[in-house]
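Quick notes on the structure that follows.
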Amino acid sequence: MTTPHERVFAAVAAIPAGCVASYGAIAAQAGLPGRARWVGRVLAAAPAEAALPWHRVLRADGHLAFAPGSAAFEAQRRRLEAEGVELVRGRVPRAHFARRQDLDRWLWAPRDAAETAAAPRADAARKPRRK
DNA sequence: AGAGTGACTGCAG
DNA sequence: ACTGCAGCCACTC
């Protein structure tokens with residue numbers, strides 16, 4: 001059967017191009033709520049052959065998990081920008097976060113709908129923060 | 001066995 | 001917005 005490890009891979013692979021998801025969301029999607037750190041560990045150990053869109057996974061607040069300026073940070077930022085996802089004031093706008101159902105649709109599971117937990121408002125049509 | 005360490009998170013100050 | 005802190009849990013000394 002599917003191992004937690006495989007479910008994490010599947011969840012990451014299910015993130016649509018141009019979208020992102022948090023470590024916690026991936027963990028929850030893989031049936032491991034509360035284990036965001038473990039997801040980070042799995043991705044760090046993931047072989048390049050897996051060709052996972054690891055760059056679409058970031059912190060819940062929109063910040064990349066790597067230290068700003070580090071090689072890994074820049075690499076991830078480049079990959080995101082290549083898909084049209086740009087950092088605004090150092091973070092990815094909530095509007096880019098994939099929604100629960102977007103991931104479910106790719107995975108299979110109607111599963112529930114009960115826990116529509118983090119349903120981020122998908123607009124973000126706000127004024128340009130003065131200056 | 002026990003302490004330290006994160007590709008994390010949410011809450012508190 | 002930033003800093004700390006408590007939970008979190010696998011893994012490494």
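Note that these values count all heavy atoms, side chains included, but never hydrogens, waters or copies made by symmetry. Below, chain A is the first sequence line, B the second, and so on; all start at residue 1.
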Begin from the C-alpha positions of A:V39 and A:L32 and carry the test side-chain contact (heavy atoms from CB on, under 4.5 Å) through to its verdict.
CA-CA 9 Å; A:V39 170; A:L32 299 166; over 6 Å; no
Do any N or O atoms from the side chain of A:E6 and from the backbone of A:T3 form a donor-acceptor pair under 3.5 angstrom?
yes
Using atom C1' in both nucleotides, what's the gap between B:dA1 and C:dC13 to the nearest angstrom?
12 Å
Is there a residue in residues 35-66 of chain A whose heavy atoms reach under 4.0 Å of DNA chain C, and which residues are they?
A:R35, A:R37, A:W38, A:R41
Does a side-chain N-to-carboxylate-O contact under 4.0 Å join A:R77 and A:E74?
yes
Kindly compute the distance separating CD1 (A:I15) from CH2 (A:W54), expressed to the nearest 0.5 Å.
12.0 Å
Let me know the distance between CD1 of A:I26 and P of B:dC8, rounded to the nearest Å.
14 Å
Salt bridge (Lys or Arg N to Asp or Glu O under 4.0 Å): which pairs involve residues 25-46 of chain A, sequence neighbours left out?
none
Side-chain N or O of A:S22 less than 4.0 angstrom from OP1 or OP2 on B:dC8?
no
